[in-house]
Amino acid sequence: MSPDQEPTPAADRPEQPGGTERPLRAHARRNRENLVAAARAAFAAADDTVPLEGIARRAGVGIGTLYRHFPTREALVEAVYAAELDAVTDSAAALVEELPPEQALRAWMERYAAFVATKRTMLNTLHSGWASGRLATPVTRERITAAIGAFLTAGARTGALRADVEAEDVTAMVLGVFLSTGADAGPGRLERRLGLVVDALRPREGS
């Protein structure tokens, strides 16, 4: 087997004597990790228009291996974006513990905005994939929605945020703000729009 070839599904789990499995899947997992690491380095040095062949070479695999793991450019961009989003999404739980829900949500959105500011080209690529259906179940969007859901749950429990909104709707609002507010937007525009999102989530009077 050449370095850029991976076991087929049928050959991926050959049994050794005694019924144990050979760790051939580790090879495929290592290739995927190497591809994501190579793509992260390439995107940081340029942007997400870097040739995929160059990413495969940097990872030490063939282009066929790259496409087996990531059938489209959007899928690779999403994997890189999701890997770098860990710190942002993981911060949601700590913010819920430290701050009132509405303040925690605003602080998290601002942190996410700072992240997006350095990944705008990636986000545009992801949005294109979501809109076209090429990314049918975007992991990135699911993770953002889960983080926002934690704030909404905490806010509904304390009465600080509305209990009749869906986390997915708030995700659409937040992503819409980011996508519509370019890097050349006037000072404070992004902050004002994020403030409007939070205001829309406050309980209505008399409800």
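Shown here for A160 and P203, the closest heavy-atom pair between the two residues is O-CD, 3.2 Å. Nearest heavy-atom pair across R32 and A79 is NH2-CB, 4.0 Å. The nearest pair of heavy atoms linking I144 to L85 is CG1-CD2, 4.0 Å. When all heavy atoms of R73 and V50 are compared, the pair lying nearest together is NH1-O, 3.1 Å. Summarising the geometry of V36 relative to V80, their closest heavy-atom pair is O-CG2, 4.0 Å, with the distance given to 0.1 Å. Nearest heavy-atom pair, R40 versus A83, reported as atom, atom and distance to 0.1 Å: NH1-CB, 4.1 Å.
Ring-plane geometry between W108 and F151 is classed as tilted, the angle between the planes lying from 30 to 60 degrees on a 0 to 90 degree scale.
Between the CD atom in E191 and the CZ atom in R189 there is a gap of 11.5 Å [rounded to 0.5 Å]. Note that the CG atom of L35 and the CD1 atom of I55 stand 8.5 Å from one another [nearest 0.5 Å]. Here the straight-line distance linking atom CZ of R157 with atom CG of L152 works out to 11.5 Å at 0.5 Å rounding. Taking OG1 from T145 and CG from L175, the interatomic distance works out to 7.5 Å, rounded to the nearest 0.5 Å. Going from atom CD of E166 over to atom OG1 of T171 covers 10.5 Å, rounded to the nearest 0.5 Å.
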Fill in: Derivation and outcome, side chain to side chain contact (heavy atoms under 4.5 Å, CB included), residues F43 and K119
CA-CA 9 Å; F43 295 163; K119 309 294 179 187; over 6 Å; no
Practice prompt. Could you please spell out the steps behind the side chain to side chain contact (heavy atoms under 4.5 Å, CB included) verdict for R143 and D86?
Written response: CA-CA 9 Å; R143 296 175 68 198; D86 280 342; 2.4 Å; yes
Discussion item. Checking V61 against N34 for the side chain to side chain contact (heavy atoms under 4.5 Å, CB included) test, could you report, in this order, the C-alpha distance in whole Å, the side-chain angles of both residues, the deciding distance, and whether it holds?
Written reply: CA-CA 9 Å; V61 301; N34 289 342; 5.8 Å; no
Discussion item. Does R68 form a side chain to side chain contact (heavy atoms under 4.5 Å, CB included) with N31? I'd like the steps, not just the answer.
Written reply: CA-CA 10 Å; R68 277 193 291 277; N31 280 345; over 6 Å; no
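When the options V116, V170, V197, I148 are evaluated for a side chain to side chain contact (heavy atoms under 4.5 Å, CB included) with M109, the one that passes is V197.
Within 6.0 Å of CD on E168 lie more than 12 heavy atoms contributed by other residues, nucleotides or ligands. Annotation: R57, atom CZ; neighbour count of heavy atoms from other residues, nucleotides and ligands within 6.0 Å does not exceed 12.
For the pair L194/V198, no side-chain contact is recorded, criterion being any heavy-atom separation below 4.5 Å from C-beta on.
Every residue two or more places apart in sequence or in another chain was checked for a side chain to side chain contact (heavy atoms under 4.5 Å, CB included) with L196, and none qualifies.
Using a 4.0 Å cut-off between a side-chain N of Lys or Arg and a carboxylate O of Asp or Glu, E102 and R106 do not qualify as a salt bridge.
Checked by atom type and distance alone, the side chain of S91 pairs as donor or acceptor with a backbone atom of V88 at under 3.5 Å. Looking at R111, its side chain never comes within 3.5 Å of a backbone N or O of A92 through a donor-acceptor pair.
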